[in-house]
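All values below come from the heavy atoms of this structure, side chains included, with hydrogens, waters and symmetry mates left out. Reminder, nothing fancy here: chain letters follow the sequence lines and each chain counts from 1.
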2 protein chains.
Amino acid sequence: MKEGPDIAFLGSLIGDPARANMLTALLSGKALTASELAAEAGITPQTASTHLSKMEAGGLLQQRRQGRHRYFALADDDVGSLLETMMGLAAKKGHLRTRTGPKDPALRYARVCYNHLAGDLGVRMMDSLLAKGFLTPENEGLGLTDDGRAFAEGFSIDLEPLEKSRRPMCKSCLDWSNRRSHLAGSLGSALLTRFYDLGWARRIEGSRIVAFSPRGEKAFLDAFAL
Amino acid sequence: MKEGPDIAFLGSLIGDPARANMLTALLSGKALTASELAAEAGITPQTASTHLSKMEAGGLLQQRRQGRHRYFALADDDVGSLLETMMGLAAKKGHLRTRTGPKDPALRYARVCYNHLAGDLGVRMMDSLLAKGFLTPENEGLGLTDDGRAFAEGFSIDLEPLEKSRRPMCKSCLDWSNRRSHLAGSLGSALLTRFYDLGWARRIEGSRIVAFSPRGEKAFLDAFAL
DNA sequence: TTCATAGTTCGATGCTAGCCGAAGCATATA
DNA sequence: TATATGCTTCGGCTAGCATCGAACTATGAA
């Protein structure tokens, strides 16, 4: 009758404020130690430890031991994408933890979503790739067209390893600030890395903001015109 | 302390087993009454009531009063897609066990809803009346057009007493097997009575089934063509 | 009118789970 | 070795909340 309330378990896992804070912190894509996450959530290490083992057992996190540290990260892209979806719905319904802060506009403009680009620029990139026919909607997902392959390789992205991986190359991820989709998957991740390498953008320490340089921003807007 | 949407609140809302059961039931797309949802979750109506008001306040549900029933449905598509995302992430072995509408095909086809016609034929009648311009959506309700008045009177329905009554003449009523609207109100009631009088249909004792005779069914389908 | 049904509100109860202090491991450095 | 740090386990405390019985409201049926 009441066989394993799956989503209830998942919901309760995310439903605790301390755990939600940790997950949000991990959404930046960086792996963090247990102590850092405890500080992030504002709780003692003991409490954080139980939370972390619960989330790991629940499949939300993966952990890597390194010396006497334990680094935690989101288990996979799907977890990150679920968190973004929830943020989108929460924002839409007006459930905000605090009023919008000064960092808010920068966050809305460009930020990391786990390991790919989100925000206004992320959505623009997705729109541009679709408009130019580089990406195309496929059954239940996104596909890369031949033109798209050429474009990616022109960006010095080696597609071969991406295709051999079991990880989906193109996925759409709902943007919580724009209510539109942006590009996730290994290609989305590779593109963001490329932006860093090109010097177009860099991460702001301690936040999810991706800061584009003036030249980088111009290059980006040219590359992903609408 | 932290900026951004409150996913913990959303998570805790979904994180309770009883609430998750109700939400999963509603994921079928059909609107269900509070009692049905209580049975679905295996809890008493009192408990269900508090859960439902919480979920409504949290923006997950919308409710529609229908006589002494309250039909609950997911607030919008975003809620549904979030639930599906969560089900996808959770081990997907849990099968949906929604106790949906009537299993009896005859009940789905034509039955009484209090005093008016529901089921496939009820929905068809509503669709036809709207398509022909006999009924028109008004603010928060339904209105009878001049053409509609003529049609009703051609059906030997005396509109005068209906208009003098405080009871609304035209109301839309959510069909529990079709999840579409059919016609309620005093006009809906009068029409069903007229079908009985014409010998088109009769009630099956001890059930809510409305049995149309072969001739009656043909006449009905002609009268309410699409 | 009176009765029946759908649903809500109130109050009390009991269980769960988050929380922290203290102690125990584990891994580093000296 | 000794000592410090990162993290976990244990025990007990407490707050929150899901739950239900009982009473109440609202609507429909007879």
Side-chain angles (χ1 to χ4, degrees), chain A residues 2 5 8-23 31-58 61 63-72, chain B residues 8-9 11-23 31-58 61-73 111-116 118 165-168 171 173-174 176 184-186 188-189 192-193 203 205-208:
Chain A
K2 261 193 227 4
F9 178 66
L10 200 53
S12 68
L13 226 40
I14 306 175
D16 177 80
R19 286 195 287 259
N21 280 336
M22 300 193 207
L23 289 169
L32 298 173
T33 67
S35 317
E36 289 170 330
L37 288 168
E40 195 71 37
I43 52 179
T44 59
Q46 310 95 287
T47 309
S49 180
T50 62
H51 283 312
L52 289 169
S53 38
K54 277 180 191 172
M55 289 193 283
E56 192 190 1
L61 299 183
Q63 106 172 236
R64 201 179 65 230
R65 313 173 70 126
Q66 191 153 322
R68 53 183 170 183
H69 295 275
R70 292 206 168 177
Y71 284 89
F72 288 87
Chain B
F9 178 70
S12 68
L13 224 42
I14 306 176
D16 177 80
R19 286 195 288 257
N21 280 334
M22 300 193 207
L23 289 170
L32 298 173
T33 66
S35 317
E36 287 170 331
L37 288 167
E40 194 71 39
I43 52 177
T44 59
Q46 309 95 290
T47 308
S49 180
T50 61
H51 282 314
L52 290 169
S53 37
K54 275 181 192 172
M55 289 194 282
E56 192 190 3
L61 298 182
Q62 60 178 358
Q63 98 169 244
R64 183 169 164 182
R65 292 179 161 85
Q66 203 78 63
R68 53 182 169 180
H69 293 277
R70 293 204 168 177
Y71 282 87
F72 288 87
R111 65 176 180 279
V112 284
C113 178
Y114 306 137
N115 51 19
H116 53 269
S165 161
R166 280 189 328 157
R167 187 178 164 198
K171 272 170 63 180
C173 177
L174 196 58
W176 59 313
S186 58
S189 176
L192 179 58
T193 306
R203 284 288 298 275
E205 195 69 28
S207 95
R208 296 175 58 191

Which is true for [X] with a 4.0 Å heavy-atom rule: it touches a base, it touches only sugar-phosphate, or it touches nothing?
{"X": "B/Arg65", "answer": "nothing"}
{"X": "B/Thr33", "answer": "sugar-phosphate"}
{"X": "B/Ala48", "answer": "nothing"}

For [N], does either OP1 or OP2 sit under 4.0 Å from a side-chain N or O belonging to [X]?
{"X": "B/Thr44", "N": "D/dC20", "value": "yes"}
{"X": "B/His51", "N": "D/dT19", "value": "yes"}
{"X": "A/Thr47", "N": "C/dC19", "value": "no"}
{"X": "A/Lys54", "N": "C/dG18", "value": "yes"}
{"X": "B/Arg70", "N": "D/dA26", "value": "no"}
{"X": "B/Arg68", "N": "D/dT25", "value": "no"}

For this session: Take B/Leu52 and B/Gln63 through the test side-chain contact (heavy atoms from CB on, under 4.5 Å) and record every step on the way to the result.
Result: CA-CA 9 Å; B/Leu52 290 169; B/Gln63 98 169 244; over 6 Å; no
Exercise. Does some side-chain heavy atom of B/Met55 sit less than 4.5 Å from a side-chain heavy atom of B/Asp16?
Worked result: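 Counting from C-beta outward, B/Asp16 and B/Met55 never come under 4.5 Å.
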For this session: Find out whether B/His51 and B/Ile43 are in side-chain contact, i.e. whether some heavy atom of one side chain is under 4.5 Å from a heavy atom of the other.
Result: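 Yes, close enough: below the 4.5 Å cut-off.
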Exercise. What's the closest nucleotide to the A/Asp16 side chain, out of C/dG18, C/dT8, D/dG6?
Worked result: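 The listed nucleotide nearest to A/Asp16's side chain is C/dG18.
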Problem set entry | Shortest non-hydrogen separation from A/Ala41 to A/Ala18 and the atoms involved |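 Between these two residues, the closest heavy atoms are CB-O, 3.6 Å.
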Problem set entry | Contact nearer the 5' end of DNA chain C, comparing B/Ser53 with A/Arg19 |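 By nearest-heavy-atom nucleotide position, the 5'-most residue is B/Ser53.
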Within this structure, what is the [atom1]-to-[atom2] distance between [X] and [N], rounded to whole angstrom?
{"X": "A/Leu13", "N": "C/dA17", "atom1": "CG", "atom2": "P", "answer": "12 Å"}
{"X": "B/Asn21", "N": "D/dT19", "atom1": "CG", "atom2": "C1'", "answer": "15 Å"}
{"X": "B/Glu36", "N": "C/dT5", "atom1": "CD", "atom2": "P", "answer": "16 Å"}
{"X": "A/Leu52", "N": "C/dC19", "atom1": "CG", "atom2": "P", "answer": "12 Å"}
{"X": "B/Tyr71", "N": "D/dT27", "atom1": "OH", "atom2": "P", "answer": "16 Å"}
{"X": "A/Met55", "N": "C/dA17", "atom1": "CE", "atom2": "P", "answer": "16 Å"}
{"X": "B/Gln46", "N": "D/dT19", "atom1": "CD", "atom2": "P", "answer": "11 Å"}
{"X": "A/Ile43", "N": "C/dA17", "atom1": "CD1", "atom2": "C1'", "answer": "13 Å"}

Exercise. Do A/Arg64 and A/Tyr71 meet the cation-pi criteria used here (NZ or CZ under 6.0 Å from the six-membered ring centre, within 45° of the axis)?
Worked result: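 Relative to the ring axis of A/Tyr71, which defines the angle, A/Arg64 lies inside both limits.
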